[in-house]
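One-based numbering, in listed order, for ligands and for the atoms of each.
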Amino acid sequence: MQEHLDAILVGAPGEDLAAIPLPESYRAAVVRKDEVGMFTGLPSADKDPRKSLHIEEVPVPELAPDEAFVAVMASAINFNTVWTSIFEPLPTFAFLERLGRESRWGARHDLPYHVVGSDASGVVIRVGSAVRNWRPGDRVTVHCNYVDDQDPGAHDDSMLASNQRIWGFESNFGGLADLALVKANQLMPKPAHLTWEEAACNALCNSTAYRMLVSRNGADMRQGDVVLVWGATGGLGGYAIQYVLNGGGVPVGVVSSPEKAKLLADLGVEAVIDRRAKAYRFWADEHTQDESEWRRLGKDIRALVGEDPDIVFEHPGRATMGASVFVCKRGGMVVTCAATSGYMIEYDNRHLWMKLKSIKSSHFANYREAWEANRLIALGKIQPILSATYPLGEVGEAARQVQRNLHEGKIGVRCLAPCDGLGVDDPELRAKVGEDRITTFRRLGA
Ligand code: NAP
C-alpha cells in the first residue's frame with residue numbers, strides 16, 4: 001500500500017489513486033481460527049489480546065459491485081475487538097461461517113483468519129460498478145452497520161434487518177488494517193477539521209450513543225432530562241455525556257478515579273460520582289444483590305441533582321443493571337446496549353412495573369443515525385474523545401489497555417498514517433471549534 005500512501009500524502013487526485021494497481025496482499029490485524037481454543041480454561045486475566053491478535057499479510061479479496069476499498073489511514077479499538085480476541089462470548093468465526101453460507105459474495109468472508117476492527121478513516125481507492133455516491137479520492141469515515149439492502153427488513157430501521165451485522169466483528173475485512181473492504185452504504189464524509197486518528201475513533205461509539213439517547217429509536221431525550229451515564233469517560237460514555245450537555249439535559253457521570261472525575265468536570269459535568277471512592281457493593285456475593293446499596297446510589301444522585309434519573313445510560317450489565325433499574329425515575333427509561341461485566345442480568349422486577357419504568361434495548365445505529373452523528377462531529381458540535389494512539393503493529397497492546405479499563409475515551413490506531421496529526425483539511429474550522437476542545441481527552445487523559 002506504499003504507493004497509495006505516497007499518493008494520499010501528496011494529495012493526488014482520485015484518478016491517480018484509481019490508477020495505482022491494488023496490491024495482492026495487505027497488512028492486517030487478525031485472529032486465527034486454529035487458535036480459538038488458546039485461552040480455554042485460563043483465568044480471565046490470562047486471556048490476553050496481545051497473544052491472539054497478530055499482524056499478518058492477507059490476500060486482497062474480490063470487490064463486489066456495491067462495495068469500496070478504503071486505504072485505511074487510522075482505526076480505533078472497540079470493545080468488540082477485545083471480545084473477538086479472547087474468543088468470547090463465542091468465537092467470531094461462527095459469524096463468518098454463517099455469512100459465508102448466504103451468497104457467493106458472503107463466501108469470501110469465511111476464512112481461517114478474521115481481519116478485525118469496526119472503525120476507520122481513510123481514502124476511497126476503488127468502488128464497485130454499482131456504487132453511485134462515492135469515488136476514488138473521497139476522504140471518508142466508515143460506520144459499522146453492515147446490512148444487505150435487498151433484505152426487506154432493512155428498509156425501515158436497518159438495525160432491524162434480519163441479516164444485520166457489525167462490520168469487522170460479524171464480517172471479515174475490518175478496519176484494523178491498511179486496507180478495508182466496506183459496503184458503499186457504510187461510507188460517510190470525513191470531518192474536515194480532524195486528523196485521521198481523530199476522525200477514525202468516532203463512528204462506532206458516537207453513533208451508538210446517538211441512537212441510545214437522541215434518536216426516537218432510543219430514549220428520545222428531552223431538555224432537562226436527568227441522565228445517569230455509567231462509564232462516563234469511556235468509549236460510549238464520553239459521547240453520551242456530550243449529547244446530554246448539548247441537548248439541555250442534566251448529566252450525572254459515573255467514573256472510577258479522581259482523574260476521570262476531573263476530566264468530566266473539565267467537560268462541564270457538575271454531577272460526578274466516583275464509584276470506586278463510594279465503594280458501592282451492589283452484589284453482596286456472586287448470587288445476591290444488596291438493595292441498600294442501590295438505595296445508597298439513588299441517594300447520592302438525589303444529593304447531586306435533586307431528583308432521580310429520567311434516563312439511565314446502561315452498558316456495564318450484570319454489575320450495575322439492578323441498581324440502574326432501581327434508581328431510574330418513576331416512568332423513566334433504562335436504555336441498554338451491552339453487558340461488559342456479564343449478560344445474565346438480574347433486577348427486581350417490582351421496581352420496574354410498580355413504577356412504570358421501561359428497559360429499552362439499543363444496538364449500534366442505522367445509516368441515517370450514524371450519518372447524523374457524524375454530521376455533528378463534522379460541525380464541531382460533538383468532539384472526538386481520542387486519548388492515545390498506537391501503531392497497527394502494537395494493536396494487541398492497545399486492545400489490552402481497553403480490556404483492562406486502563407484507558408479513557410477512545411484509543412486510536414495508526415494504520416497507513418505514518419504519524420499523528422495528519423489529515424486536517426479545514427484548519428479554519430479546527431481553529432473555530434478550538435484545539436483545546438478537540439483534544440480534551442488527549443490532553444487530560446491519564
Ligand atoms: P469502554 O471504553 O471500556 O468504557 C466502558 C466504561 O464502563 C469504562 O470506562 C468503565 O468506566 C465502565 N465500567 C466497566 N466495568 C464497569 C462495572 N463493572 N461497573 C460500572 N462501570 C463499569 O467501553 P465502551 O466502548 O464504552 O463499551 C462499553 C460496552 O458497550 C462494551 O461491552 C462494548 O462491547 C459495548 N458496546 C456495544 C455497542 C452496541 O452497538 N451494542 C456499541 C459500543 C459498545 P469507569 O471504570 O470509569 O467507571
Side-chain angles (χ1 to χ4, degrees), residues 76-86 88-89 92 118-119 143-146 159 164-170 201-212 215 217-218 228-241 252-264 269 272-283 293 297 312-324 335-343 345 360-366 369-370 373 385-388 398-412 441 445-446:
I77 302 294
N78 284 292
F79 219 94
N80 64 6
T81 291
V82 175
W83 297 126
T84 307
S85 66
I86 60 171
E88 286 185 7
T92 45
S118 302
D119 267 322
H143 75 76
C144 63
N145 185 16
Y146 187 90
M159 288 306 297
Q164 188 279 328
R165 293 182 163 88
I166 298 296
W167 164 69
F169 178 60
E170 294 164 292
C201 75
N202 305 304
L204 191 146
C205 282
N206 180 40
S207 312
T208 305
Y210 179 92
R211 180 176 172 113
M212 287 175 78
S215 169
N217 291 318
L228 179 72
V229 179
W230 290 105
T233 60
L236 288 172
Y239 295 103
I241 283 292
V252 180
V254 185
V255 288
S256 64
S257 72
E259 294 77 23
K260 290 181 179 182
K262 168 151 189 343
L263 179 51
L264 274 189
V269 180
V272 179
I273 295 176
D274 179 343
R275 67 182 170 98
R276 194 158 293 160
K278 292 281 183 185
Y280 299 117
R281 288 201 61 203
F282 301 136
W283 287 85
E293 286 292 279
L297 171 67
V312 180
F313 186 87
E314 168 58 57
H315 50 88
R318 185 169 171 83
T320 53
M321 191 67 164
S324 293
V335 59
T336 176
C337 75
T340 314
S341 63
Y343 50 81
I345 299 294
K360 186 150 195 168
S361 59
S362 193
H363 186 40
F364 187 60
N366 60 38
E369 289 161 339
I385 58 170
L386 186 77
S387 63
R400 182 69 169 166
Q401 295 286 313
V402 173
Q403 180 193 32
R404 300 189 61 212
N405 193 19
L406 298 174
H407 67 300
E408 276 141 13
K410 298 291 306 175
I411 292 191
F441 275 66

When you measure from atom 37 (C) of ligand 1 to every protein heavy atom, which one gives the shortest distance, and what is it? Cys337 O, 3.5 Å
Closest approach of any protein heavy atom to atom 45 (P) of ligand 1, naming residue and atom: Ser256 OG, 3.3 Å
Checking a contact table here: which protein heavy atom is nearest atom 31 (C) of ligand 1, and how many Å away? Thr340 OG1, 3.3 Å
Is there a polar contact, in the sense of an N or O pair closer than 3.5 Å, between His363 and ligand 1? yes
Nearest protein heavy-atom contact for atom 10 (C) of ligand 1: which residue, which atom, what distance? Asn405 ND2, 3.6 Å
Atoms in ligand 1 flagged as close to Thr320, the criterion being non-hydrogen separation under 4.0 Å: 19 (N), 20 (C)
Ligand-residue contact atoms, ligand 1 with Gly234, heavy atoms, under 4.0 Å: 2 (O), 4 (O), 9 (O)
Protein contact to atom 13 (N) of ligand 1 [nearest heavy atom, distance to 0.1 Å]: Arg275 NH2, 3.7 Å
Identify, by atom number and element, the atoms of ligand 1 in contact range of Ala319, meaning under 4.0 Å from any of its heavy atoms. 18 (N)
Check this for me - ligand 1, Gly235, N or O atoms closer than 3.5 angstrom, yes or no? yes
Can you sort out which atoms of ligand 1 are near Phe364, meaning under 4.0 Å from one of its heavy atoms? 39 (C), 40 (O)
Which residue and non-hydrogen atom of the protein lie closest to atom 23 (O) of ligand 1, and at what distance in Å? Phe79 CD1, 3.8 Å
